[in-house]
Amino acid sequence: MNEQEFAELAAGHALHALSPDDEKAFETARRQHPDWEHLVTADAETAAVLAESVSEVAPPPAVRSALLAQIAGDTPAPVAQQAVEAENTPTAGPVKPRRWGTRSWFALAASLALLVGVGWGAVTVGERLNTPASVVALDQIESASDAQSETVTLSDGGEVTAHWSESVGKAVLVSDGLPSIADDESFELWFVRDGAAIPAGTFTSEDGTATALLEGAIESGDVIAVTVEQAGGSPTGQPTSDPIIAIETA
Amino acid sequence: MLGGVVIDGVDVPEDGADAVDHAGQLLLRVADGDQDAFARLYDMLSPRAFGLILRVLVDRSQSEEVLQEVFLEIWQSAARFAPNKGQGRSWVLTIAHRRAVDRVRSAQASTDRDVRAGFRDMDVAHDGVAEEVELRIEGQRVSEALATLPDPQREAITLAYFGGYSQSEIAALVGAPLGTIKTRMRDGLSRLRVEMGVTS
């Protein structure tokens, strides 16, 4: 086999598209030619990038708990049996400080979204509203046919619900039990879109509750995130700290 | 920093400096039996892996089973991850993709398989098949890179990676010789590597 033929097999192997016979031929040649290994590595890396084009889908929490039980040496129950109770038993994990630069908003959002997803239900909106703009926006969102909401529970018990409607183009964050921040700090809102953070305004809260309208229009697939920044927001227009809240709206 | 390419779990600075392979660092700890690192790796990559498996398999409950198998395999075989031979996240996603394809070709998946193979029975032009799959590609960077490929190359790669079809199935599907499909895949993948700036 020459290198060109091997390169064809390596490409088919990377896409997991070889026939069993070709797969055997590939493995044999691979063992004989360590000098061709770079072709295998390059193709595998390229194929894996294709995976980045697929939308993330949060798996059911039951898979996570089954796995953790499995590796802890316990005998896990089948996933299907755990699914029902898992729906009613949201797990909250700690939000560990992490450095981000051009970094993993989506991974973080995804892991935070595992914290809990609770429906909006009949929460008493009126008690929590602070500003007229957000009242108006929340009313608009709630009366839209495509109104959606997602609630996450913070590790210290706080609860934050994002309400949004793509047809209205607005998103509002209703928070209760926010951590207290210094006088010279603000909470800053962000739309995380295609991996980039877009500033969406700041807000403060004296008693841990706040209702904030995000500036700018929400788009499909945005992640709504909140960071703690210096008063008035990050001067660079980019987050300088870890998100304390990240909610996927997909 | 803003303009840098961002892939969750990997920092890819624009200046070409070495990317920080968070998943790879976690994998090294997982290889030592670190359960906390495993949980973090799962939280970081399971939504992406699950999306990928679901794309290939379609069936949700089977996808959940495969996801669990994949991460169990990662737990058991993390010691085989070699940091000098690639990124941790691609190592994980490669396993996820392979197991999804294995499942789609297995007997349990025969029903879905028939449905998928039904593209042929429905007499859909082969252009239509690739289109169908491509319509669901969201990633801008990848779809832009795919768009630069000649149609036959894009079709071969799309059907293989997202459709889970083997080279011989694709040959039958598009009515081209097997050798031609193999060449298209190799050329297409090489070109994608350049377009997407994949380094290894």
Side-chain angles (χ1 to χ4, degrees), chain A residues 4 7-12 14-19 22 37-38 41-60 62-64 66-68 70-72 76 79-80 83 93 96 101-108 110-111 113-114 194-197 221 237-238, chain B residues 1-2 4 6-9 11-13 22 35 38-39 42-48 50-52 54-55 61 64-65 67-68 71-72 75 85-87 89-90 93-94 96-98 101 137-143 157 160-161 165-168 170 182-183 185-186 189 192-193 196 198 200:
Chain A
Q4 278 307 305
E8 282 192 352
L9 287 177
L15 296 167
H16 301 126
L18 294 182
S19 67
D22 280 346
E37 190 65 22
H38 66 279
T41 307
D43 282 347
E45 293 287 315
T46 307
V49 175
L50 290 172
E52 309 296 347
S53 70
V54 178
S55 295
E56 292 194 337
V57 180
V63 175
R64 189 184 197 272
L67 272 166
L68 294 184
Q70 238 169 335
I71 67 165
V79 169
K96 290 182 183 165
T102 51
R103 63 188 84 176
S104 51
W105 285 87
F106 283 101
L108 200 51
S111 57
L114 283 176
D194 296 328
Q238 281 299 290
Chain B
M1 293 253 282
L2 229 192
V6 179
I7 300 174
D8 43 326
D11 295 344
V12 187
H22 299 297
Q35 295 179 14
F38 178 79
Y42 180 86
D43 292 343
M44 181 191 286
L45 291 181
S46 63
R48 178 70 67 193
F50 189 53
L52 177 62
L54 203 53
R55 167 67 55 86
S61 70
E64 290 172 12
E65 286 172 24
L67 180 71
Q68 192 170 341
F71 274 89
L72 195 60
W75 170 253
K85 287 178 63 181
Q87 296 279 344
R89 82 178 273 113
S90 40
L93 293 173
T94 298
H97 186 256
R98 184 173 62 237
V101 171
I137 295 174
E138 292 87 5
Q140 197 184 355
R141 174 168 167 245
V142 177
S143 51
I157 287 174
Y161 195 80
Y165 291 96
S166 70
Q167 289 181 329
S168 39
I170 294 168
K182 290 179 175 181
T183 307
M185 258 183 213
R186 182 202 63 201
L189 209 55
L192 267 188
R193 180 165 64 243
M196 300 194 296
V198 175
S200 59

Sort [X] into side chain, backbone, both or neither according to what part of it lies under 4.5 angstrom from a heavy atom of chain A.
| X | result |
| --- | --- |
| B/Phe38 | side chain |
| B/Met185 | both |
| B/Leu54 | side chain |

Query - Contact leader toward chain B among A/Ser19, A/Ala17, A/Ala48, where contacts are heavy-atom pairs under 4.5 Å - result: A/Ala17

**Report entry** Closest-packed option against chain B by number of heavy-atom pairs under 4.5 Å, given A/Ala51, A/Ala14, A/Ala10
**Finding:** A/Ala51

Roughly how far, to the nearest 0.5 Å, is the [atom2] atom of [Y] from the [atom1] atom of [X]?
| X | Y | atom1 | atom2 | result |
| --- | --- | --- | --- | --- |
| A/Glu52 | B/Arg48 | CD | CZ | 5.0 Å |
| B/Tyr165 | A/Leu15 | OH | CG | 15.0 Å |
| B/Leu45 | A/Glu56 | CG | CD | 8.5 Å |
| B/Leu192 | A/Thr46 | CG | OG1 | 7.0 Å |

**Report entry** Side chain, backbone, both or neither of A/Glu37 within contact of chain B (heavy atoms, under 4.5 Å)
**Finding:** side chain

Query - With sequence neighbours excluded, residues passing side-chain contact (heavy atoms from CB on, under 4.5 Å) with A/Glu8 - result: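 If we apply the side-chain contact (heavy atoms from CB on, under 4.5 Å) test to A/Glu8, skipping adjacent residues, the hits are B/Lys182, B/Thr183, B/Arg186.
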
Query raised in the report: So which heavy atom on B/Thr94 is nearest to which on A/Ala44, and how close?
Result: OG1-O, 4.3 Å

Query - Atom of A/Pro59, atom of B/Leu67 and distance for their closest heavy-atom approach - result: CB-CD2, 3.4 Å

Report task. Determine whether A/Val49 and B/Arg193 make a side-chain contact, defined as any pair of heavy atoms from C-beta on separated by less than 4.5 Å. Result ->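 Sidechains of B/Arg193 and A/Val49: no contact.
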
**Report entry** Flag side-chain contact, heavy atom, 4.5 Å: B/Ser46 against A/Arg64
**Finding:**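 Not touching, per the 4.5 Å side-chain cut-off.
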
Requested in this report: Not counting sequence neighbours, which residues clear ring-ring contact (aromatic ring centres under 6.0 Å, His included) with B/Phe50? List them please.
Outcome: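 Once residues adjacent in sequence are excluded, B/Phe50 has no partner under the ring-ring contact (aromatic ring centres under 6.0 Å, His included) criterion.
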
Requested in this report: For B/Gln68 and A/Leu67, indicate whether the former's side chain and the latter's backbone hold a donor-acceptor pair under 3.5 Å.
Outcome: no

Report task. Apply side-chain contact (heavy atoms from CB on, under 4.5 Å) to A/Ile71 and B/Phe71, showing your working. Result -> CA-CA 10 Å; A/Ile71 67 165; B/Phe71 274 89; over 6 Å; no

